[in-house]
Peer 1: 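Before I ask anything, here is the structure I am working with.
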Number of protein chains: 2
Amino acid sequence: MSKSSDAVHAILRQSEGFRSAQDIFTKMRADGAKIGLTTVYRALQSLSDDGRVDMLRTDDGESVYRACESDVHHHHLVCRRCGHTVEVAGPDVERWAEAVGAEYGFTEVTHTVEVFGTCPDCASAAGSR
Amino acid sequence: MSKSSDAVHAILRQSEGFRSAQDIFTKMRADGAKIGLTTVYRALQSLSDDGRVDMLRTDDGESVYRACESDVHHHHLVCRRCGHTVEVAGPDVERWAEAVGAEYGFTEVTHTVEVFGTCPDCASAAGSR
DNA sequence: GCCGATTTTGACAACGGTTTTCATTTTGCC
DNA sequence: GGCAAAATGAAAACCGTTGTCAAAATCGGC
Ligand SMILES: [Zn+2]
Ligand SMILES: [Zn+2]
Ligand SMILES: [Zn+2]
Ligand SMILES: [Zn+2]
């Protein structure tokens, strides 16, 4: 699970935002790579398991992946239009989530936090349209 | 889109946690209701659009719904095992999300925040097992 | 290098939740 | 009742994802 995995990881590293499996598959094929869609899914699965890529679900239920620069826990500010993504730390949110869980006696507390918006570039492009 | 919608809403109101469309459909059929799965989906869609029910996606990509008591913006603390759900307000999180968006010049900022954990009941049940 | 064992691969089928289709039924209105 | 509009639901289509399984690549031992 190595050569293909690395190839998929490389594609993700040269991508700006989150990308879907199909998306990656199409791009790799266009680049001339001989890879199957199944293998892309497997690579993404193992990369995700190893924490080498972040995964999140879009509104329409599609899983999308990104090779993040930070390897510690963080969240994302994602442009709804172009996918441009900023990695953001949120110590306040971490504490809040823990506190909320503790308040009601919940254990093994985890959380999902994503922020969406329109990035400056897309905002100005839309404004001048 | 009213009679069925109300029936689905009623089912949700007498449910403790989040439930899936299929789940609701099965229960209604078991209760003797003559309703189709398509109608359940349509009812959930419109209830969700009208903000009368909250929707979120489980880890495995299933959409689940809940009739929340509060009609203002809030988040959820959900038990991973039994689905028991607590509605929580998070003014700090709201401010944080806004601030993060503003920091990078993003507009129309929205966010998704969910907290998961194991509720006290499920924790003690598991402990005594 | 050679060869068998092990792992990886990928075309294709299958899966499952959701949406679309479309003919039938129910509803609202006169 | 009669009629148009809206709602309904069975079945098919959809689509991202996962399973299957035989072929191909890789790894060790010799
Ligand atoms: Zn953008
Ligand atoms: Zn966090
Ligand atoms: Zn529980
Ligand atoms: Zn919020």
Side-chain angles (χ1 to χ4, degrees), chain A residues 1-12 15 17-67 78 80 83 112 114 116, chain B residues 1-12 15 17-67 78 80 83 112 114 116:
Chain A
M1 187 73 74
S2 188
K3 196 140 117 278
S4 296
S5 234
D6 289 346
V8 169
H9 196 220
I11 292 286
L12 281 178
S15 302
F18 283 85
R19 309 195 59 163
S20 71
Q22 312 255 11
D23 198 8
I24 294 163
F25 169 68
T26 303
K27 169 138 181 55
M28 292 181 77
R29 273 297 176 86
D31 290 356
K34 288 191 296 294
I35 193 170
L37 180 56
T38 311
T39 304
V40 172
Y41 272 107
R42 273 191 289 240
L44 289 171
Q45 182 94 326
S46 85
L47 286 170
S48 179
D49 288 348
D50 297 350
R52 301 178 61 197
V53 305
D54 288 354
M55 179 193 91
L56 63 84
R57 269 175 203 280
T58 62
D59 287 340
D60 51 333
E62 204 177 13
S63 294
V64 287
Y65 305 81
R66 181 171 194 266
V78 185
R80 211 178 277 112
T112 66
E114 306 295 342
F116 299 94
Chain B
M1 187 75 75
S2 186
K3 195 141 118 276
S4 295
S5 234
D6 288 347
V8 168
H9 196 220
I11 293 287
L12 281 178
S15 302
F18 283 84
R19 309 194 60 164
S20 71
Q22 311 256 12
D23 199 7
I24 294 163
F25 169 68
T26 303
K27 170 138 181 55
M28 291 181 77
R29 273 298 176 86
D31 290 356
K34 289 190 295 295
I35 193 170
L37 180 55
T38 311
T39 304
V40 172
Y41 272 107
R42 274 192 287 242
L44 288 171
Q45 182 95 324
S46 85
L47 286 170
S48 179
D49 288 347
D50 297 350
R52 301 178 62 196
V53 305
D54 288 354
M55 178 191 92
L56 64 84
R57 271 176 203 277
T58 62
D59 289 339
D60 50 334
E62 205 177 13
S63 294
V64 288
Y65 306 82
R66 181 170 193 268
V78 185
R80 210 177 279 111
T112 66
E114 306 294 342
F116 299 94

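This one's a predicted model, so the numbers in the text were calculated from it and none came from an experiment. Reckoned from all heavy atoms, side chains included, excluding hydrogens, waters and symmetry mates. A, B, ... follow the sequence lines: proteins, then strands. Residue 1 opens every chain.
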Peer 1: Is A:Arg29 near enough to C:dG10 that one of its side-chain N or O atoms lies under 4.0 angstrom from OP1 or OP2?
Peer 2: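 No, because none of the side-chain N or O atoms of A:Arg29 sits under 4.0 Å from OP1 or OP2 of C:dG10.
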
Peer 1: Taking only side-chain N and O atoms of B:Tyr41, does any of them lie within less than 4.0 angstrom of OP1 or OP2 on C:dT18?
Peer 2: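 For C:dT18, OP1/OP2 do have a side-chain N/O of B:Tyr41 under 4.0 Å.
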
Peer 1: If you measure from the Lys or Arg side-chain nitrogens to the Asp or Glu carboxylate oxygens, is any gap between A:Asp31 and A:Lys27 under 4.0 Å?
Peer 2: yes

Peer 1: Could you tell me the separation between the NZ atom of A:Lys3 and the C1' atom of D:dT26, rounded to a whole number of Å?
Peer 2: 9 Å

Peer 1: In the structure I gave you, are the side-chain heavy atoms of B:Phe25 and B:Arg19 within less than 4.5 Å of one another anywhere?
Peer 2: no

Peer 1: Between the base of D:dG19 and the side chain of A:Thr38, is there a donor-acceptor distance below 3.5 Å?
Peer 2: yes

Peer 1: Any idea which of C:dT9, D:dT17, C:dT18 is nearest the B:Leu37 side chain?
Peer 2: C:dT18

Peer 1: Please test B:Leu12 against B:Leu44 for side chain to side chain contact (heavy atoms under 4.5 Å, CB included), starting from the C-alpha separation and ending with a verdict.
Peer 2: CA-CA 10 Å; B:Leu12 281 178; B:Leu44 288 171; 3.9 Å; yes

Peer 1: DNA chain C: B:Val64 or A:Phe25, which has the more 5' nearest nucleotide?
Peer 2: A:Phe25

Peer 1: In this structure, how many angstroms lie between the P atom of C:dT8 and the CG atom of A:Leu44, rounded?
Peer 2: 16 Å

Peer 1: Which nucleotide in the list D:dT8, C:dG10, C:dG17 gets nearest to the side chain of B:Gln22?
Peer 2: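 The closest nucleotide is C:dG17.
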
Peer 1: Is there a donor on the side chain of A:Arg42 or the base of C:dG10 sitting less than 3.5 Å from an acceptor on the other?
Peer 2: yes

Peer 1: Given atom CD of B:Gln45 and atom P of D:dG9, what is their separation to the nearest angstrom?
Peer 2: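 From B:Gln45 CD to D:dG9 P: 17 Å.
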
Peer 1: Would you say D:dT8 has OP1 or OP2 under 4.0 Å from some side-chain N or O of B:Ser4?
Peer 2: yes

Peer 1: Within the pair B:Ser63 and C:dT18, is there a side-chain N or O less than 4.0 Å away from OP1 or OP2?
Peer 2: yes

Peer 1: Do other residues, nucleotides or ligands put more than 12 heavy atoms under 6.0 Å from the CG atom of B:Asp59?
Peer 2: no

